[in-house]
Amino acid sequence: MQSHTEHTLGPRQEIAALPIYNAGISAAVARRVSGRQDIAALASNENPYGSSPAVSAALASLTPSRYSDPASGALRQALSEKLGTSPDRIVCGNGSEELIAALCRAYLQKGDTVLTISPCFGLHEIEPMAAGAQVIKVPMTPALDYDVDALVRELTRRPKIVFVSSPSNPVGPALSRQALERLLEAVHPMTLFVLDEAYFELIDSGYPDGLKVLADRSTLSWVVLRTFSKAYGLAGLRVGYGISSDEGIAKAMRASVTPFNVNAAAQAAAIAALQDEAWMIEAAAKIRRDRSILADRLRQLGVRVVPSQTNFLFLDLATEATPVAGALLQKGIVVKPWMEAGYTHFLRVSIGTAADNERFATELGRGLGLV
Ligand SMILES: *Cc1c(COP(=O)(O)O)cnc(C)c1O
């Protein structure tokens with residue numbers, strides 16, 4: 001790393017040292033590289049069915065010249081009615097990503113400890129690091145499930161914040177009720193427990209609703225994060241939300257974002273999406289069905305597929321994933337090779353349309369020499 005003299009303008013040390021967020025390759029780049037127009041975009045866990053027609057209608061009647069509601073009042077009211085939670089405990093963000101950053105900005109000081117899992121959603125590590133915290137990562141078990149025993153051990157050391165995604169991005173499983181309750185038993189009241197449920201709408205029945213489980217824990221400080229990016233299909237508009245255990249946490253999050261953080265298009269679209277939950281439920285059902293079809297197909301090819309409660313699959317290729325992803329890109333298929341140390345044999349593929357999934361399976365089988 002370059003050292004900075006007093007004549008060189010450099011960012012804070014924590015920022016200079018950050019790893020880069022591993023964002024998926026855009027369709028435009030994929031077209032250029034592959035020379036193909038029919039790109040299968042399977043890297044960013046987007047909804048292959050788009051979003052509800054109610055969203056397009058709401059976007060058509062926007063007034064772009066007016067500032068958005070800084071409090072996202074109507075959206076918070078709609079969420080409050082859906083969730084049965086006071087709007088004062090709900091905060092909307094420019095994507096739930098922004099709320100991860102806001103929590104770090106609000107609660108972390110240099111030297112604090114944050115607990116998360118590896119492999120993890122990149123921002124559960126990057127945002128705490130940007131705030132100067134030390135990040136402890138508890139690896140998944142060899143079977144690629146949550147290591148509840150190890151997490152319980154680390155929780156007793158009272159990290160300032162713990163970020164857990166359930167279902168897990170990038171791995172796919174969700175915490176069982178028993179596992180979640182064991183974690184909560186170990187959380188100290190001075191630790192903020194953040195449950196990132198970005199894929200909540202895609203879980204099979206039989207798993208707990210994290211918000212309901214946490215609502216019974218009046219002595220704990222917690223935040224549940226959810227998003228419109230995945231099942232609702234609004235990734236490009238950037239809108240997510242957090243539900244907190246008390247108004248104080250919501251206030252701290254609000255104070256840590258920019259005043260007009262959620263733009264008017266995003267607010268209008270999210271409200272429209274909530275008014276047409278039937279669309280989301282149908283899309284989620286198709287994605288779950290195709291997730292199981294693709295998993296079976298890949299297992300038949302001999303690929304190790306981690307069971308998933310999300311709109312993606314995590315595949316152990318038993319070889320470095322980056323060259324395989326590069327070869328798929330040449331065919332117009334964009335997927336995400338995992339870059340985290342210890343997991344570079346894994347590829348994450350989003351569930352797309354049935355046709356895109358089949359195209360991926362065929363090309364992966366050829367690329368790995370399995371067919
Ligand atoms: C996709 C994702 C998010 C980010 O969602 P946005 O609302 O689009 O910012 C947050 N957490 C996890 C675990 C995700 O996979």
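Keep in mind it's a predicted model, so treat the numbers as computed, not measured. Counting starts at 1 for both ligands and their atoms, in listed order.
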Would you give the length of the straight line joining atom CG of L347 to atom OG1 of T319, rounded to the nearest 0.5 angstrom?
-> 11.0 Å
Backbone N or O of A252 within a donor-acceptor pair of the S256 side chain at under 3.5 Å?
-> yes
Do side-chain atoms of R291 reach the backbone of S308 as a donor and acceptor pair under 3.5 angstrom?
-> yes
If you count the atoms of ligand 1 from 1 in the order shown, which ones are under 4.0 Å from a heavy atom of N169?
-> 13 (C), 14 (C), 15 (O)
Taking the inter-plane angle between the rings of F346 and F314 on a 0 to 90° scale, is it parallel (under 30°), tilted (30 to 60°) or perpendicular (over 60°)?
-> parallel
Should Y199 be listed as contacting ligand 1, given a heavy-atom distance under 4.0 Å as the test?
-> yes
Which ligand 1 atoms are under 4.0 Å away from a heavy-atom of G95?
-> 6 (P), 7 (O), 9 (O)
Could you find the nearest protein heavy atom to atom 13 (C) of ligand 1 and give me its residue, atom name and distance?
-> D196 OD2, 3.5 Å
Of all the atoms in ligand 1, which lie at a distance below 4.0 Å from a heavy atom belonging to R238?
-> 6 (P), 8 (O), 9 (O)
Got more than 12 heavy atoms from elsewhere within 6.0 Å of CZ, R66?
-> no
Quick one: nearest non-hydrogen protein atom to atom 7 (O) of ligand 1, plus distance?
-> T227 OG1, 2.5 Å
Interfacing atoms of ligand 1 (cut-off 4.0 Å, heavy-atom, E97) = 4 (C), 9 (O)
So, the side chain of T116 versus the backbone of K137: is there a donor-acceptor pair under 3.5 Å, distance only?
-> no
A198 neighbourhood, listing ligand 1 atoms whose heavy-atom distance to it stays under 4.0 Å = 2 (C), 11 (N), 12 (C), 14 (C)
Of all the non-hydrogen atoms in the protein, which one sits nearest to atom 4 (C) of ligand 1, and at what distance?
-> S96 OG, 3.5 Å
R348 to F312 six-membered ring, cation-pi geometry met (6.0 Å, 45°) | yes
Contact atoms of ligand 1, heavy-atom distance to S229 under 4.0 Å = 6 (P), 7 (O), 8 (O)
Would you check whether K230 has a nitrogen or oxygen atom less than 3.5 angstrom from a nitrogen or oxygen atom of ligand 1?
-> yes
F121 and H124 aromatic ring geometry - parallel, tilted or perpendicular at 30°/60° bounds | perpendicular
